[in-house]
Protein chains: 2
Amino acid sequence: MVTQSEENYLKTIYHLGKQGVEAVSTNAIAEQMETKASSVTDMVKKLAEKDLANYVKYQGVSLTKVGRLTAASVIRKHRLWEVFLVNKLKFSWDEVHEVAEQLEHIKSEQLIDKLDEFLDFPKVDPHGDAIPDKEGNFAKISKKLLSECASGEEGIFVGVKDSSASFLQYLDKQHISLGDKIKILHREEFDQSVEIMVNSSLLNISQKTATNIYLQQK
Amino acid sequence: MVTQSEENYLKTIYHLGKQGVEAVSTNAIAEQMETKASSVTDMVKKLAEKDLANYVKYQGVSLTKVGRLTAASVIRKHRLWEVFLVNKLKFSWDEVHEVAEQLEHIKSEQLIDKLDEFLDFPKVDPHGDAIPDKEGNFAKISKKLLSECASGEEGIFVGVKDSSASFLQYLDKQHISLGDKIKILHREEFDQSVEIMVNSSLLNISQKTATNIYLQQK
DNA sequence: CTTATTTTTTAGTCTAATCTAAAAAAATAT
DNA sequence: ATATTTTTTTAGATTAGACTAAAAAATAAG
């Protein structure tokens, strides 16, 4: 049995080391998890003991195949729950993280399968990050900041970069919501503002807004 | 902060001692929770320390007002999650318990409020047990076994007593489902079978079936 | 290439929750 | 009312996870 704490370590190592393939330093993990390096050393030994991680003293940690799969499964759960919280329970994007952080540790294959189905097999979470499938494979999502799109390009609004309450409220007021198709019509040289088409209405957004919106293209 | 383990003890004491008001013996708790009496003693001291329980050596435990409220809140979460699992994710009744057992410990007021709303403020869980409100008050549910109803009576099918897979499948086959209005037409003296009206169709059910179905009246 | 600095590990504590075995109190039976 | 049985508590260990402080290894600087 993989404990909750072990799952959290696996997740962190996965994120820090390119899907857990690259070796990650003890200190990096400690900093990320806001814990002490000595605690990390202890845990990392345990993960190696359980064949979830490869660990050589003074040389950092990477994940084994099983470790990577376990980490991906936790990430899958986290992101599916985030979709549930936002799409079904109407949480706003900035409120979901800590709750999903708890829900990701619920142990039940069946629960996640049924949740996945209930949500209609989403491929991205509310922040625009890919949701891995049961085998731990991530769909290649080509998401790009709106500010990086040329005029003429279009894409689906799949996430925000910085999800402050005020920004989300602004989006709400402009009737821009997740899943909307956005087309870039014109980029204004002088102030980097962008004219876009959303829900068949024209809108002008500031550069700041444009650097906060992720579009998914095909 | 109340730990997961503390919550489980509170819940057990609540259930064993008439909402936690009556004192419950150490042994009774140990047996119910499949743990050792010595572990119970330890925990019960801690609960008393935190003013969640009243405890006098050798005289059993009851809950304080705060303890009762905390227990009721855990039960509320458990039952709301059960409704979610059955109504939304299409779990069958006998599969939900252990998952709800985990979900009940997720800490987020907001989550439960929104879940409650999402489920349309249910008053009973899939087993026909009342869901307490935020103040810990249970709606008085007058649920009765179908076998105890006189002919002429009617009620809403709110739960089952023993939820074996085969029984649930039988109900499915007969097109009897949760929330259906059932009217008792006639009770056969000789074999205790009962003729009922469900979804405007006549049905004859055995005594065994009748003792497994809970009806809610008014 | 030796010294200083940083990183990582080890050794020893601590807390929460559990357990076993023994002691103490309460309940029951003779 | 005394002995026996049952229940409950205490004492002492154990395990997971985290911490502090000191030691060891690796890295950087002169």
Side-chain angles (χ1 to χ4, degrees), chain A residues 1-14 16-17 20 22-63 67 70-71 74 98 101-102 104-107, chain B residues 1-14 16-17 20 22-63 67 70-71 74 98 101-102 104-107:
Chain A
M1 230 273 291
V2 183
T3 69
Q4 199 153 314
S5 183
E6 286 165 355
E7 287 187 344
N8 284 331
Y9 276 93
L10 289 174
K11 211 176 43 161
T12 302
I13 298 168
Y14 190 94
L16 289 178
E22 264 178 24
V24 175
S25 83
T26 305
N27 252 9
I29 299 169
E31 192 179 347
Q32 176 72 29
M33 298 186 71
E34 296 186 312
T35 181
K36 293 299 153 79
S38 55
S39 308
V40 176
T41 302
D42 284 351
M43 180 53 91
V44 145
K45 281 180 182 170
K46 200 161 55 131
L47 293 177
E49 192 62 44
K50 289 190 174 186
D51 282 319
L52 294 165
N54 311 112
Y55 169 59
V56 184
K57 264 191 193 181
Y58 296 105
Q59 285 175 225
V61 216
S62 62
L63 299 183
T70 309
V74 177
E98 57 168 338
E101 207 65 13
Q102 295 179 62
E104 72 187 7
H105 300 295
I106 302 291
K107 280 167 183 52
Chain B
M1 231 275 291
V2 183
T3 69
Q4 199 154 314
S5 182
E6 285 166 355
E7 286 186 346
N8 285 331
Y9 275 94
L10 289 174
K11 210 175 45 161
T12 302
I13 297 167
Y14 189 95
L16 289 177
E22 264 178 26
V24 176
S25 82
T26 304
N27 252 9
I29 299 169
E31 192 179 348
Q32 176 72 29
M33 298 185 72
E34 297 186 313
T35 180
K36 294 300 154 80
S38 55
S39 308
V40 176
T41 304
D42 284 351
M43 179 54 90
V44 145
K45 281 180 182 170
K46 201 160 54 130
L47 293 177
E49 191 64 42
K50 289 192 175 185
D51 283 319
L52 293 165
N54 310 113
Y55 170 58
V56 184
K57 266 190 193 183
Y58 297 104
Q59 283 176 226
V61 216
S62 60
L63 298 183
T70 309
V74 177
E98 56 169 339
E101 209 61 20
Q102 296 179 62
E104 73 188 8
H105 300 294
I106 302 291
K107 278 165 184 55

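The chains referred to below are lettered A, B, ... by the order of the sequence lines, with proteins before strands, and numbering in each begins at 1. All values derive from a computational prediction rather than experimental measurement.
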Student: Would you indicate, yes or no, if dT6(C) has its OP1 or OP2 atom less than 4.0 angstrom from a side-chain nitrogen or oxygen of Asn27(A)?
Tutor: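 For dT6(C), neither OP1 nor OP2 has a side-chain N or O of Asn27(A) closer than 4.0 Å.
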
Student: Between P on dT8(D) and CD1 on Ile29(B), what's the gap in Å once rounded to a whole number?
Tutor: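 These atoms are roughly 9 Å apart.
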
Student: What closest approach, in Å, do Gln102(A) and His105(B) show between heavy atoms, and which atom pair accounts for it?
Tutor: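 Looking at all heavy atoms of both residues, the closest pair is OE1-O, 4.2 Å.
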
Student: For a quick check of understanding: with a heavy-atom distance under 4.0 Å over all strands, which category does Thr41(A) fall into, base, sugar-phosphate or nothing?
Tutor: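 Here Thr41(A) touches the bases of the nucleic acid.
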
Student: Is there a donor-acceptor contact under 3.5 Å from the side chain of Lys50(B) to the main chain of Gly67(B)?
Tutor: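 Between the backbone of Gly67(B) and the side chain of Lys50(B) there is no qualifying donor-acceptor contact (under 3.5 Å).
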
Student: If you check every side-chain atom of Met43(B), which of dT8(D), dT8(C), dT18(C) has the closest atom?
Tutor: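 Of dT8(D), dT8(C), dT18(C), dT18(C) is nearest to the side chain of Met43(B).
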
Student: Just wondering, are more than 12 heavy atoms of other shown residues or ligands nearer than 6.0 Å to CD in Glu101(B)?
Tutor: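 Above 12, so yes.
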
Student: Is the phosphate of dA18(D), meaning OP1 or OP2, less than 4.0 Å from a side-chain N or O of Ser5(A)?
Tutor: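 Answer yes for this pair, as a side-chain N or O of Ser5(A) is under 4.0 Å from OP1 or OP2.
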
Student: CE of Met1(B) versus P of dA16(C): gap in Å, rounded?
Tutor: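 Atom-to-atom, Met1(B) to dA16(C), this comes out as 11 Å.
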
Student: Output the rounded distance in Å from CD (Glu7(B)) to C1' (dA16(C)).
Tutor: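 After rounding, the gap between these two atoms is 15 Å.
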
Student: Identify every side-chain donor-acceptor pair in residues 32-44 of chain B under 3.5 Å, counting partners at least two apart or on other chains, and give the distances.
Tutor:
{"residue": "Thr41(B)", "atom": "OG1", "partner": "Ala37(B)", "partner atom": "O", "Å": "3.2"}

Student: Could you state the atom-to-atom distance from CD of Gln4(A) to P of dA16(C) in whole Å?
Tutor: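 After rounding, the reported distance stands at 18 Å.
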
Student: Does Lys45(B) place a side-chain N or O at less than 4.0 Å from the phosphate oxygens OP1/OP2 of dT10(D)?
Tutor: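 Affirmative; the distance criterion is met.
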
Student: Using the side chain to side chain contact (heavy atoms under 4.5 Å, CB included) rule, take Tyr14(B) and Leu63(B) through it: C-alpha gap first, then chi angles, then the decisive distance, then the call.
Tutor: CA-CA 7 Å; Tyr14(B) 189 95; Leu63(B) 298 183; 4.0 Å; yes

Student: For dA18(D), does either OP1 or OP2 sit under 4.0 Å from a side-chain N or O belonging to Ser39(A)?
Tutor: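 Checking dA18(D) against Ser39(A), no side-chain N or O comes under 4.0 Å of OP1 or OP2.
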
Student: Among residues at least two apart in sequence or on other chains, which ones pass side chain to side chain donor-acceptor pair (under 3.5 Å) with Lys45(B)?
Tutor: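 Per chain and number, Lys45(B) pairs via side chain to side chain donor-acceptor pair (under 3.5 Å) with no residue.
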
Student: So, is Tyr58(B) near the phosphate of dT6(D), with a side-chain N or O under 4.0 Å from OP1 or OP2?
Tutor: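 So the side chain of Tyr58(B) is outside the cut-off, no N or O lying under 4.0 Å from OP1 or OP2 of dT6(D).
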
Student: Tell me: CG of Asp42(A) to C1' of dC19(D), nearest whole Å?
Tutor: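 Answer to the nearest Å: 10 Å.
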
Student: For a quick test of reading the model: is some side-chain N or O of Lys36(B) closer than 4.0 Å to OP1 or OP2 of dT18(C)?
Tutor: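 Lys36(B) to dT18(C) OP1/OP2: no side-chain N or O under 4.0 Å.
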
Student: Give the residues of residues 47-56 of chain B touching DNA chain D, defined as any heavy atom closer than 4.0 Å, sorted by residue number.
Tutor: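 Here the set is Tyr55(B).
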
Student: Could you tell me whether the phosphate oxygens of dC19(C), OP1 or OP2, come under 4.0 Å of any side-chain nitrogen or oxygen in Thr35(B)?
Tutor: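 Answer is yes, contact under 4.0 Å.
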
Student: Contact between Ile13(A) and Leu47(A) at the side-chain level, heavy atoms closer than 4.5 Å - yes or no?
Tutor: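 Ile13(A) vs Leu47(A): side chains touch.
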
Student: Rounded to whole Å, how long is the line connecting atom CG of Asn8(B) with atom C1' of dA16(C)?
Tutor: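 It is 14 Å, rounded to the nearest whole Å.
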
Student: Looking only at side-chain N and O atoms, does Lys57(B) come under 4.0 Å of OP1 or OP2 in dT10(D)?
Tutor: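 Indeed, a polar side-chain atom of Lys57(B) lies that close.
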
Student: Strictly below 4.0 Å: does Ser38(B) bring a side-chain N or O up to OP1 or OP2 of dC19(C)?
Tutor: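 No, no such contact exists.
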
Student: For the side chain of Thr3(B), starting at C-beta, report the closest nucleotide among dA24(D), dA16(C), dT8(D).
Tutor: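 Side chain of Thr3(B) sits closest to dA16(C).
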
Student: Determine whether Glu7(B) and Leu52(B) make a side-chain contact, defined as any pair of heavy atoms from C-beta on separated by less than 4.5 Å.
Tutor: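 Of all side-chain heavy-atom pairs linking Leu52(B) with Glu7(B), none is under 4.5 Å.
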
